[in-house]
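Okay, structure first, notes after.
All chains are named by letter (A, B, ...) in the order of the sequence lines, taking the proteins before the strands, and each is independently numbered beginning at 1. All values below come from the heavy atoms of this structure, side chains included, with hydrogens, waters and symmetry mates left out.
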Amino acid sequence: MSYNHQDIEKKWQKRWEDDQIYRTPDAIEEKFYSLGMFPYPSGDGLHIGHPKGYTANDIWARYKRSRGFQVLMPMGWDSFGLPAENYAIKTGVHPAQTTKKAIDNFRQQLKSIGLSYDWSREISTSDPSYYKWTQWIFLRLFEKGLAYQKEAPVNWCPGCQTVLANEQVKEGLCDRCSSKVVQKNLKQWFLKITDYAEELLEGLDDLDWPDSIKAMQKNWIGKSSGASVNFDVNESTSKIEIFTTRPDTLFGATYLVISPEHPFLKIHSAKLSSEVLDYIEQAKAKSELDRQAAKEKTGVDTGFEAIHPLTNKKIPIWVADYVLMGYGTGAIMAVPAHDERDWDFAQKYKLPIISVIEDPNDSDVISESDSESENKNVILGAVEGSYNQENNKPPALYTGHGRLINSGSWNNLHSETDLKTVLLNITNAGIGKEEVNYRLRDWLVSRQRYWGPPIPVIYCEKCGVRGVEDKDLPVQLPDDVDFKPTGESPLNDSETFHNVKCLACGGVARREVDTLDTFVDSSWYFIRYLDTNNESEICGAKHLKKWMPVDLYVGGAEHAVLHLLYARFITKALDDIVGLGVREPFRKLVNVGLIRAEDGQKMSKSRGNVVNPDEIVAEFGADSLRIYEMFMGPFEESVQWDPKALVGVRRWLDRVWNLSTKLKDFEDDPQVVKVVEQTIEKVTADIENFRFNTCISAMMIAANKLQEQTSISAELFARYLKILAPFAPHLAQELWERTGNIGYLDDVEWPVAELSEETEVTVIIQVDGKFRGKVTLLKDLEQSLVEERAKAVENVAKFLEGTAPKAIYVPGKLINFLTK
RNA sequence: GGCGCGGUGGCGGAAUUGGCAGACGCGCUAGGUUUAGGACCUAGUUCUCGUAUGAGAGUGAGAGUUCGAGUCUCUCCCGCGCCACCA
């Protein structure tokens, strides 16, 4: 028989809400902060992927509550952003209206799934009472020099008509609209995330996060250790400083390459040939992305020569656009014998190639030599080697990270200790020093768009740039604007908005008209939940102390180097400025795997393969939806939506429903009790490990066992309902009440499996490693007795006939007879 | 090219420390119940041979360690994700 899920689910959702049982308690018990990444409230409503992550948070919240934890599980809206603004451009409907409607829909949809949120803490990033504090954070960063303006080549998306952060450009395309991103030189606001590069990298080690996310962040931060070396320039007083990760190959440097933007070229432009000047002009016209796309490296000889600091030989200085001004010093030494890219470049332009070999006369590189001036090779413990021109191959080739790619007769001398020694000696010789570089760039946060928090800054002709005063926050978004993007912020339209008086001199001033990247909003929302209604502080200290950090954070891996990196940075910066008491926001992170459509593709409106959660809830019920999404496969893996498999879950819940008719005052079969108790044990362990799929299969097995029985005791069934409750809260609660229990299952303590110690064990019997049978016998029998019993098993005896087997016995588990 | 993750029946997936491979669910097959339907009940379902008890093969390929490998080691192939001229 099938139960009526609609009535039951609505009934309990209403009672939970009326009784406010999921309000965060204010008690002294140990806390648990369960958080899912808050959604962008899209006009299309909830995606089928949202409930997957949120159900995981809910299972943990319910589980932790019944283990005596004080649980905080809030929900809110990442409600600033482009889709609402684009909709406004098309229809003229104000984003605030669209957003409110979408939020109301989302809220109702989430409530229909039975997620135990504390809705009294709801926040919305586009609400002035929220973005007031986003602006407040910006001002604090500005005061500390962590928010600054600079003119730089930045990523411009022609589709979205705004600049983008590096993290928002994927393979040269806009992460949001897939337009080809171009480069523009603009004065923009940046946040100095690079100040925290080292801490962001080191902090990863202590986080309980998936390795893949840690690896992506590590990769993105991109730390390289090496040295900077100064090269004097012939007929010039300028020096050129290069960065290298392979200072041990300094002997092999046969030319320098500098970036077309390098200041050396500006200083000496009068002496440069027209060919060089043309090349610089051409490079300027190309974006960094176009330059990267070029298959072959190009370059021009500047005519200048550098002095090699070890050999005093003159080596040419080239300019090439594959050397980027934004990384390192914008200049490199080229060692074609030991670097693949330099090798290609040297081949193309017929530049000299010198390989480096270990000095056969100076194996002990650490010992100081008095004759250093004569034997500079002591510095590196290496000398110039002869390069074998005949086979046209260098003895060894390295890529940028010192990884050997073509091992010849020469071995890598680039060990950790070698590098340390080389660095020390270079420093002592006064030709360079140890240097660390990061790939990470500062976070560009200006956006030329309307639907975001205004940057709270005022420009005065006399007094310059000033932050808005705290008492004047929030700087509210004006309504009298045309949303149509022009490449300049729509806020520019609003006279009332941007014409202001200078706070210092009272003179003519204007407001900043750009808004902040919406990723700034989401970098701190987990803090606001702790003290949602506080009007005088971002968050009260006692709440921070009590609830931070987030104990469990569930969300998609696509935020690896976006939100998850920004939130870590803002947390660290805020801790330094106002003292949060934590350096990391999210203690444990779990990635929710993507749900793909039935056709295996990503779900999208344009493909027409989107599944609507409302329809699933209506047809199968919220409990079925929740459980199906948990049952589909390993939580972190991507899975394919299969409506037929959903039916299987519903069948199981129907069977559980029908089990309740078998309840009697009855002594259960110990075998049945054992199965239920084992299930309790397994479900508990598997929740802890995020293995919800196996939790559910274990509960299905127990249901199958219970179904074989003609009668079940109410006590045993109640234990089963309790472990079912986090997964199917409505059904479990309804059956709980129907089978003579009172109150909310949420208030019932989590059961501890009651398993009596086994007196018998089943031993697997193998002959020559092949399974041949098994035998059940008393625990702790001596090996000789086990052997005797095992040999007597019919199917085993057959294979042992006429042999004198040697036995390997794993006590209580397995016995293996070897006949050969 | 680098980094990370993965490859098990018709399908989604189990097998947590090396010890009965394929749990659980879908699908499929046969039978039952029903006017009918299936989100009902029963039995079966890795492949090959066999009516069957059973035997042999089998976890991307190949080697190795081990009494014993889906699991550990090495080499390779394939798929997915991220980064990619970062010196």
Side-chain angles (χ1 to χ4, degrees), chain A residues 1-2 170-171 210-220 222-224 226 242-246 257 291-297 320-324 326-335 339-342 344-345 398-403 405 437-440 557-558 560-561 594 619-620 624 628 631-634 636-655 658 685-686 689 691 693-694 696-701 703-704 707 762-766 768-774 794-795 798 806-810 813-818 820:
Chain A
M1 212 185 74
S2 188
K170 305 278 174 211
E171 290 174 6
D211 287 341
S212 58
I213 303 289
K214 287 189 186 184
M216 275 190 240
Q217 290 208 352
K218 201 171 170 180
N219 201 345
W220 189 260
K223 180 179 182 175
S224 310
I242 62 97
F243 173 70
T244 179
T245 55
R246 296 294 312 280
V257 188
R291 288 203 216 166
Q292 285 170 10
K295 281 192 195 79
E296 244 191 68
K297 295 180 202 4
D321 66 7
Y322 76 93
V323 175
L324 310 172
Y327 183 78
T329 60
I332 62 164
M333 68 175 194
V335 187
D339 183 282
E340 201 180 11
R341 295 155 305 174
D342 296 344
D344 292 341
F345 197 80
Y398 291 82
T399 63
H401 292 285
R403 189 182 49 85
I405 58 164
N437 264 302
Y438 299 91
R439 212 193 67 109
L440 184 71
E558 68 274 16
V561 294
L594 188 80
E619 194 179 348
F620 296 92
S624 295
Y628 172 58
F631 185 57
M632 290 170 93
E636 303 210 23
E637 248 137 77
S638 117
V639 282
Q640 205 165 315
W641 185 261
D642 178 4
K644 284 183 180 153
L646 183 55
V647 167
V649 165
R650 179 56 203 246
R651 279 181 190 151
W652 166 51
L653 294 181
D654 280 335
R655 284 204 294 275
N658 293 333
D686 285 358
N689 291 313
R691 300 162 62 91
N693 53 335
T694 51
I696 291 161
S697 81
M699 286 189 282
M700 285 173 169
I701 292 167
N704 292 347
Q707 198 173 1
T762 300
V763 173
I764 290 151
I765 309 163
Q766 293 182 342
D768 295 323
K770 280 202 162 64
F771 173 77
R772 296 300 178 191
K774 50 190 166 183
E794 196 188 346
N795 197 45
K798 192 166 85 186
K806 186 180 145 215
I808 289 170
Y809 181 51
V810 184
K813 270 191 164 173
L814 170 140
I815 187 156
N816 190 4
F817 292 109
L818 305 176
K820 284 163 233 162

Of the nucleotides [options], which has the atom closest to the [X] side chain?
X	options	answer
A/Lys297	B/C85, B/C82, B/G13	B/C85
A/Ala215	B/G13, B/G4, B/C41	B/G4
A/Leu324	B/A84, B/A87, B/G4	B/A87
A/Arg772	B/C67, B/G4, B/G56	B/G56

- Item | N/O donor-acceptor pair under 3.5 Å between A/Asn219 side chain and A/Ala215 backbone |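 No; zero donor-acceptor contacts below 3.5 Å.
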
What interatomic distance, in whole Å, is found between [atom1] of [M] and the corresponding atom of [N]?
N	M	atom1	result
B/A57	B/G68	P	15 Å
B/U71	B/G19	P	11 Å
B/C26	B/C76	C1'	35 Å
B/G32	B/U17	P	47 Å
B/G44	B/G54	P	14 Å
B/C85	B/C5	C1'	26 Å
B/G4	B/U75	P	14 Å
B/G6	B/A87	C1'	33 Å

So [X], base contact, sugar-phosphate only, or nothing? Heavy-atom distance under 4.0 Å.
X	result
A/Pro634	sugar-phosphate
A/Trp220	sugar-phosphate
A/Glu619	base

- Name all residues meeting the salt bridge (Lys or Arg N to Asp or Glu O under 4.0 Å) criterion together with A/Arg439; count only those two or more places apart in sequence or in a different chain, and write none if there are none.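 A/Arg439 satisfies salt bridge (Lys or Arg N to Asp or Glu O under 4.0 Å) with no other residue.
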
- Query: For the rings on A/Phe620 and A/Tyr628, is their centre-to-centre separation under 6.0 Å?
  - Reply: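 Centroid separation for A/Phe620 and A/Tyr628: 6.0 Å or greater.
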
Do any side-chain nitrogens or oxygens of [X] fall under 4.0 Å of OP1 or OP2 in [N]?
X	N	answer
A/Gln640	B/G13	no
A/Ser224	B/A87	yes
A/Lys214	B/C5	no
A/Tyr327	B/A87	yes

- In B/G81, glycosidic geometry as syn within 90° of 0 or anti otherwise: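 It is anti.
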
- Task: Could you list the residues that satisfy side-chain hydrogen bond (donor to acceptor under 3.5 Å, both in side chains) with A/Asp768, not counting sequence neighbours?
- Result: A/Thr819

- Query: Quick one: side-chain hydrogen bond (donor to acceptor under 3.5 Å, both in side chains) partners of A/Tyr809, sequence neighbours excluded?
  - Reply: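 Testing A/Tyr809 for side-chain hydrogen bond (donor to acceptor under 3.5 Å, both in side chains), a comparison that skips the adjacent residues, returns none.
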
Residue list, side chain to side chain contact (heavy atoms under 4.5 Å, CB included) with [X], at least two apart or on another chain:
X	answer
A/Lys218	A/Leu201, A/Leu204
A/Asn693	A/Pro634, A/Arg691
A/Ala807	A/Gln783, A/Glu787, A/Ile815, A/Phe817
A/Leu594	A/Arg596, A/Lys602, A/Ser638

Atom-pair distance ([atom1] on [X]; [atom2] on [N]), nearest Å:
X	N	atom1	atom2	answer
A/Gln217	B/G2	CD	C1'	18 Å
A/Met699	B/A14	CE	P	16 Å
A/Glu636	B/G13	CD	P	14 Å
A/Leu594	B/G12	CG	P	16 Å
A/Trp652	B/A39	CH2	P	19 Å
A/Asp321	B/C85	CG	C1'	10 Å

Heteroatom pairs (N/O) under 3.5 angstrom, protein to nucleotides 17-26 of chain B:
from: B/G19; atom 1: N2; to: A/Gln766; atom 2: OE1; distance (Å): 3.1
from: B/C20; atom 1: N3; to: A/Lys774; atom 2: NZ; distance (Å): 2.9
from: B/G25; atom 1: OP1; to: A/Asn704; atom 2: ND2; distance (Å): 3.3
from: B/C26; atom 1: OP1; to: A/Arg651; atom 2: NH1; distance (Å): 2.4

- Under the rule of Watson-Crick or G-U wobble with both distances under 3.5 Å, where | means paired to another strand and [ ] a crossing pair, RNA chain B maps to (((((((..(((......[....)))((((((.......))))))((((....))))..(((((..]....))))))))))))....

- Whichever of A/Gly328 and A/Arg691 has the more 5' nearest nucleotide on RNA chain B, that residue is A/Arg691

- Note on the structure: Judged by nearest nucleotide, the residue sitting upstream toward the 5' end of RNA chain B, A/Tyr438 or A/Ser638, is A/Ser638

